[in-house]
Q: 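Got a structure for you, written out below as structure tokens; questions coming shortly.
Predicted model, so just to flag it, every value in this text is computed and none were measured. Per chain, numbering begins at 1; letters A, B, ... match sequence-line order.
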Protein chains: 2
Amino acid sequence: MSIRIVIADDHTMLREGLSQALDSIPDIEVIGTAADGRELLEVLESITPDVILVDIEMPKLSGIGALRRLEGAPPAIVVTMHAEDAQRRKAAAAGAAGFLSKSAPLPDLAAAIRAVASGEQLFDKDTTAEILDQHRQPILDEGAAALTARERELLKLLASGVSGTEDIADQLFISQKTVKNHLASIYEKLAITDRAQAVVEAIRLGINR
Amino acid sequence: MSIRIVIADDHTMLREGLSQALDSIPDIEVIGTAADGRELLEVLESITPDVILVDIEMPKLSGIGALRRLEGAPPAIVVTMHAEDAQRRKAAAAGAAGFLSKSAPLPDLAAAIRAVASGEQLFDKDTTAEILDQHRQPILDEGAAALTARERELLKLLASGVSGTEDIADQLFISQKTVKNHLASIYEKLAITDRAQAVVEAIRLGINR
DNA sequence: GGTCGAATGGGTCGTACGGCCTATTGAGAT
DNA sequence: ATCTCAATAGGCCGTACGACCCATTCGACC
């Protein structure tokens with residue numbers, strides 16, 4: 001019996017390419033794909049894989065955000081382009097069973113899939129200890145999924161170069177005070193402190209355009 | 001006779017996955033891969049494909065940089081995660097024959113490979129017109145070229161989330177005043193007014209990472 | 001019917017930010 | 001030998017920004 005998996009990634013080339021490569025491995029079978037977080041949730045309503053492979057950076061709903069809403073039903077492996085510690089911790093906190101960089105070799109990915117399918121939790125070295133810390137302080141993490149629609153609109157404007165309070169207010173037809181309030185809320189949710197960092201996060205999360 | 005291609009991308013999953021997916025297409029054959037720009041140059045010394053597939057974002061030597069050194073020997077298709085206009089123009093200027101987002105469907109990629117292999121230049125919709133504009137006005141937003149090395153370092157930091165004057169100063173080992181001076185110079189050259197816009201431009205120009 | 005969060009808005013306060021001007025040093029170009 | 005410019009740094013000033021308070025409205029959910 002082969003391991004059935006679902007792949008979620010917004011880049012078609014990686015999604016389809018990886019899908020075909022994994023399918024060619026005897027004991028692995030790709031039974032579904034999704035181009036963003038929401039699509040992943042939809043797909044999982046009808047089919048139930050043994051393992052989920054999700055990218056962090058996805059439009060609409062990030063991989064981390066999707067994982068939080070899944071409550072770890074099927075075990076998930078999070079893959080990302082930028083293997084940063086912060087992301088790894090967020091992934092662990094969101095209930096991911098594994099974490100891999102997209103630069104990892106295919107055999108490693110296959111091994112990770114088999115390990116996770118058999119119930120193992122795989123995180124490099126002492127990540128487990130960090131997860132415990134996360135549990136003790138279940139505070140801030142997530143972010144993108146926690147943002148409201150209006151907050152995302154604001155980020156989108158910021159990422160397109162509209163940085164002044166007045167300019168933003170004019171384009172959204174709200175008062176300058178409301179703009180500052182929304183920004184304050186965004187800062188708190190994303191654990192940042194100013195507009196420049198907001199732009200960085202917006203683009204990293206794919207909120208632009 | 002099938003079309004022989006070489007794939008260059010630093011993310012193993014995409015490189016191997018795409019390689020396998022393309023290889024399964026009857027008239028396409030992957031004869032080599034590379035994990036970065038330099039490796040691509042090495043590979044091309046021993047083998048000569050009909051088409052090259054290169055990612056822009058790669059360590060050591062970017063896809064664009066590699067293309068410049070190749071002088072368009074075999075035609076190349078540039079693929080990227082963020083389909084920004086600036087990158088598309090740079091790719092065209094560097095001698096690329098085609099440009100595609102990683103979000104493009106596989107059939108489109110295959111079609112692009114076939115077209116390029118037969119000598120066509122393919123750029124989505126009216127990119128060709130833009131290229132002509134480029135020739136007419138070789139300096140359009142050459143603000144990027146006008147930036148000094150130090151200014152680019154500053155932008156890189158900004159784009160990575162280091163936004164405070166003190167934080168930037170500490171990382172560059174200069175005074176806070178010098179940081180503000182450099183920023184003022186950047187604002188003038190790029191015709192912007194604050195750090196948030198600087199982050200937008202930095203990423204648009206590919207100064208990040 | 002009551003609670004909660006999203007979206008809207010107000011006020012105050014301290015400070016970091018950006019505009020503007022000047023100055024010194026050293027490297028590279030003419 | 002002169003000149004330009006990048007990189008460094010200081011001062012001054014006005015204001016936009018971010019932190020911390022709070023209030024109202026409306027819809028969703030229980």
Side-chain angles (χ1 to χ4, degrees), chain A residues 38 41 60-62 65 68-69 71 138-202 205 207, chain B residues 139 142-202 205 207:
Chain A
R38 288 189 195 155
L41 295 182
K60 294 183 183 167
L61 182 61
S62 78
R68 317 207 110 243
R69 305 201 184 178
E71 285 292 323
I139 33 164
L140 55 107
D141 28 273
E142 72 4 60
L147 290 177
T148 68
R150 205 56 164 163
E151 287 161 0
R152 268 189 291 270
E153 281 188 71
L154 244 156
L155 272 187
K156 203 172 74 179
L157 275 182
L158 264 186
S160 67
V162 184
S163 57
T165 304
E166 190 175 2
D167 299 328
I168 298 173
D170 287 349
Q171 295 217 20
L172 293 181
F173 302 106
I174 55 180
S175 82
Q176 295 190 23
K177 193 70 245 299
T178 304
V179 169
K180 296 174 88 173
N181 285 337
H182 283 318
L183 280 173
S185 174
I186 290 172
Y187 296 155
E188 191 192 358
K189 290 179 180 176
L190 298 183
I192 55 180
T193 60
D194 54 49
R195 301 174 193 217
Q197 290 179 3
V199 172
V200 174
E201 285 302 302
L205 295 168
I207 313 278
Chain B
I139 329 144
E142 278 313 315
L147 291 177
T148 69
R150 206 56 162 162
E151 286 162 359
R152 268 189 290 269
E153 281 187 71
L154 243 156
L155 272 187
K156 203 171 73 177
L157 275 183
L158 264 186
S160 68
V162 184
S163 57
T165 304
E166 190 175 0
D167 299 328
I168 298 173
D170 287 348
Q171 296 217 19
L172 294 181
F173 303 107
I174 55 180
S175 82
Q176 296 189 23
K177 193 72 239 318
T178 303
V179 170
K180 297 173 86 173
N181 285 336
H182 283 318
L183 280 174
S185 174
I186 291 172
Y187 295 155
E188 191 192 358
K189 289 179 180 176
L190 298 183
I192 55 180
T193 59
D194 54 49
R195 301 175 193 217
Q197 290 178 3
V199 172
V200 174
E201 286 303 301
L205 296 169
I207 312 277

Q: Decide yes or no for A:Leu158 and A:Glu201: does some side-chain heavy atom of the first lie under 4.5 Å from some side-chain heavy atom of the second?
A: no

Q: When you measure from the side-chain N and O atoms of A:Ser185 to the phosphate of C:dA6, is any distance below 4.0 Å, counting only OP1 and OP2?
A: no

Q: Rounded to whole Å, how long is the line connecting atom CD1 of A:Ile174 with atom P of C:dA6?
A: 15 Å

Q: Rounded to the nearest Å, what distance is computed from the CD atom of residue B:Glu153 to the C1' atom of nucleotide D:dT8?
A: 14 Å

Q: For nucleotides 11-20 of chain D, just jot down a letter per nucleotide in 5' to 3' order: B, S or -, based on protein non-hydrogen atoms under 4.0 Å.
A: B-----BBS-

Q: For A:Glu151 and A:Lys189, work out which heavy atoms get closest and say how close.
A: OE1-NZ, 2.9 Å

Q: Whole-Å distance between C:dC17 C1' and B:Leu158 CG?
A: 12 Å

Q: Has A:His182 got a side-chain N or O lying under 4.0 Å from the OP1 or OP2 atom of C:dT8?
A: yes

Q: For B:Phe173 and D:dA7, what is the distance between atoms CZ and P respectively, to the nearest whole Å?
A: 17 Å

Q: Output the single nucleotide from C:dA7, C:dA6, D:dA6 whose closest atom is nearest the side chain of B:Thr148.
A: D:dA6

Q: Flag the pair A:Ile174 / A:His182 as yes when at least one side-chain heavy-atom distance between them is below 4.5 Å, and no otherwise.
A: yes

Q: What is the distance, to the nearest angstrom, from the CG atom on B:Asp170 to the C1' atom on C:dA16?
A: 15 Å

Q: Which heavy-atom pair separates A:Gly164 from A:Arg195 by the least distance, and what is that distance?
A: C-NH1, 3.8 Å

Q: If you check the A:Ser175 side chain, which of D:dA9, C:dG10, D:dA7 turns out closest?
A: C:dG10

Q: OP1, OP2 of C:dG9 versus side-chain N and O of A:Thr178: anything below 4.0 Å?
A: yes

Q: Do other residues, nucleotides or ligands put more than 12 heavy atoms under 6.0 Å from the CD atom of B:Glu188?
A: no

Q: Does the side chain of B:Ser163 come under 3.5 Å of the side chain of A:Gln197 through a donor N or O and an acceptor N or O?
A: yes

Q: To the nearest angstrom, how far is B:Ile186 atom CD1 from D:dA7 atom P?
A: 10 Å

Q: Quick one, A:Arg150 with A:Glu153, criterion salt bridge (charged side-chain N to carboxylate O under 4.0 Å, His left out). Give me CA distance, side-chain angles, the key distance, then yes/no.
A: CA-CA 5 Å; A:Arg150 205 56 164 163; A:Glu153 281 188 71; 3.1 Å; yes

Q: How many whole angstroms separate atom CG of A:Leu172 from atom C1' of C:dA6?
A: 15 Å

Q: Rounded to the nearest angstrom, tell me the gap between atom CG in B:Leu147 and atom P in D:dA7.
A: 10 Å

